[in-house]
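Once you've had a glance at the structure underneath, I'll fire off some questions.
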Amino acid sequence: MGTLLQQEQFSVAEAVGGPRGVIESVVPTLLFVVLYVATRSVMISAVAAVAVVVLALLARIVQRQSPATVLGGLLGVALGAVLAVRSGEGSDFYAPGIVINAVALGVLLISLLARRPLVGLFIGMLDPRVEDWAQDRDARRVYARATWLFAGLYAAKLAVQVPLLLTGQVAALGVAKLAMGLPAFAVIAYLVWLMHRSLLSRRAARHPEPAGAPAPPPPPARQ
């Protein structure tokens with residue numbers, strides 16, 4: 001994300017983690033939904049989803065890449081699988097993700113109430129050009145609006161997915177999670193990128209770079 005913020009052109013691939021990030025994010029949920037619809041077996045669907053994430057984690061380790069993102073996904077998928085198998089309800093597979101959405105929404109709202117919008121804190125650490133954003137009224141407004149965008153996304157996820165969870169709509173939950181996952185995140189990331197680039201342009205206009213040093217005076221004429 002730090003690289004993306006400093007680019008002149010927005011890259012959807014980088015925003016969603018590239019093809020590999022898409023596969024690691026989408027396949028476990030997609031596999032769970034497809035297998036559940038085909039077999040009506042919570043056990044088969046849950047085990048297959050966990051196995052896919054474990055394979056992705058092992059591939060990262062073998063290739064000596066950071067497993068951090070996959071580890072987070074493994075914890076969520078494994079916990080969802082355990083809940084679903086124990087209850088026998090396929091919809092429980094999605095419960096951890098819904099709880100994470102609720103927590104994320106709460107953190108975003110708290111940061112806004114504290115006048116330290118989370119997106120500003122995040123971008124300030126990634127892009128040194130705006131590390132002083134908290135002292136800039138314009139930057140605070142921009143990153144507050146960006147934080148509201150993400151808060152709106154998580155609120156929308158909860159508004160759609162909680163009723164589906166309560167009514168046990170397994171397939172609909174899977175479709176909602178996929179549709180409101182990476183595609184929705186990419187749209188919000190693009191809007192935030194536009195806002196960030198616009199802020200940088202305004203800051204550059206307010207504080208133009210100083211002109212180069214004056215040319216040295218000509219040598220004195222010979223007598």
Side-chain angles (χ1 to χ4, degrees), residues 1 14-39 41-63 65-111 118-119 122 150-189:
M1 191 66 182
E14 286 197 25
V16 299
R20 188 168 191 168
V22 173
I23 292 172
E24 292 172 348
S25 175
V26 170
V27 170
T29 299
L30 181 61
L31 187 61
F32 181 89
V33 172
V34 170
L35 289 177
Y36 184 83
V37 171
T39 66
S41 171
V42 174
M43 178 66 74
I44 292 174
S45 307
V47 170
V50 172
V52 167
V53 184
V54 170
L55 289 175
L57 176 62
L58 292 176
R60 291 260 183 183
I61 293 173
V62 169
Q63 296 174 353
Q65 297 180 354
S66 172
T69 55
V70 183
L71 277 174
L74 177 59
L75 290 175
V77 171
L79 180 56
V82 170
L83 292 175
V85 170
R86 288 186 62 181
S87 68
E89 298 290 339
S91 56
D92 285 345
F93 177 77
Y94 305 100
I98 292 175
V99 171
I100 290 172
N101 289 336
V103 171
L105 175 59
V107 171
L108 288 166
L109 293 177
I110 290 172
S111 74
L118 191 60
V119 172
F122 180 69
F150 278 106
L153 173 61
Y154 286 112
K157 287 184 178 185
L158 292 172
V160 172
Q161 295 176 22
V162 169
L164 295 176
L165 175 69
L166 295 177
T167 54
Q169 303 296 318
V170 180
L173 265 171
V175 172
K177 181 175 181 179
L178 292 173
M180 304 181 80
L182 288 183
F185 175 82
V187 172
I188 299 298

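All residue numbers in this chain count up from 1 along the given sequence.
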Query - Steps toward side chain to side chain contact (heavy atoms under 4.5 Å, CB included) verdict (Val54, Val50) - result: CA-CA 6 Å; Val54 170; Val50 172; 4.1 Å; yes
Query raised in the report: Can you name the closest pair of heavy atoms from Ala102 and Leu158 and give their distance?
Result: CA-CD1, 3.8 Å
Query - Leu58 side, atom CG; Gln63 side, atom CD - distance, nearest 0.5 Å - result: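 One gets 11.0 Å once the value is rounded to the nearest 0.5 Å.
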Query raised in the report: With no hydrogens and no angle check, is any side-chain donor or acceptor of Ser25 less than 3.5 Å from a backbone partner on Val22?
Result: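 Not at all, since once roles are kept as given, no pair shorter than 3.5 Å links the two residues.
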**Report entry** Intermediate values then yes/no, side chain to side chain contact (heavy atoms under 4.5 Å, CB included), Val170 and Tyr94
**Finding:** CA-CA 9 Å; Val170 180; Tyr94 305 100; 4.1 Å; yes
Query raised in the report: If you take all heavy atoms of Lys177 and Gln161, which pair is closest and at what distance?
Result: CA-NE2, 3.8 Å
Report task. Check whether any side-chain N or O of Ser45 sits under 3.5 Å from a backbone N or O of Tyr36 as a donor-acceptor pair, and report yes or no. Result -> yes
Report task. Working to the nearest 0.5 Å, report the span between CG of Asn101 and OH of Tyr154. Result -> 6.5 Å
Query raised in the report: Rounded to the nearest 0.5 Å, what separation is found between the CD atom of Glu24 and the CG atom of Leu55?
Result: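 Going from the CD atom of Glu24 to the CG atom of Leu55 covers 11.0 Å.
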Query raised in the report: Between Thr29 and Val26, is there a donor-acceptor pair closer than 3.5 Å when you use the side chain of the first and the backbone of the second?
Result: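 Such a contact is absent between Thr29 side chain and Val26 backbone.
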Report task. Measure the spacing between OG1 of Thr39 and CD1 of Ile44 and express it to the nearest 0.5 Å. Result ->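 Thr39 OG1 to Ile44 CD1: 4.5 Å, rounded to 0.5 Å.
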Query - Closest non-hydrogen atom pair between Ala49 and Pro28, with its separation - result: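 Closest approach of Ala49 to Pro28: CB-O, 3.6 Å.
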**Report entry** Taking every non-hydrogen atom, the tightest pair across Ala171 and Val37
**Finding:** CB-CG2, 4.0 Å
Query raised in the report: When you look at Val160 and Met180, which way does the side chain to side chain contact (heavy atoms under 4.5 Å, CB included) test go after all the steps?
Result: CA-CA 9 Å; Val160 172; Met180 304 181 80; 4.0 Å; yes
Query raised in the report: Which pair of heavy atoms, one from Met43 and one from Val85, lies closest together, and at what distance?
Result: CE-CG1, 3.5 Å
Requested in this report: Show your working on side chain to side chain contact (heavy atoms under 4.5 Å, CB included) between Phe93 and Leu83 and close with a plain yes or no.
Outcome: CA-CA 6 Å; Phe93 177 77; Leu83 292 175; over 6 Å; no
Report summary line: Heavy-atom nearest pair, Leu109 first then Ala151, reads CD2-CB, 4.4 Å
**Report entry** Leu173: which of Val33, Leu165, Thr167 passes side-chain contact (heavy atoms from CB on, under 4.5 Å)
**Finding:** Leu165
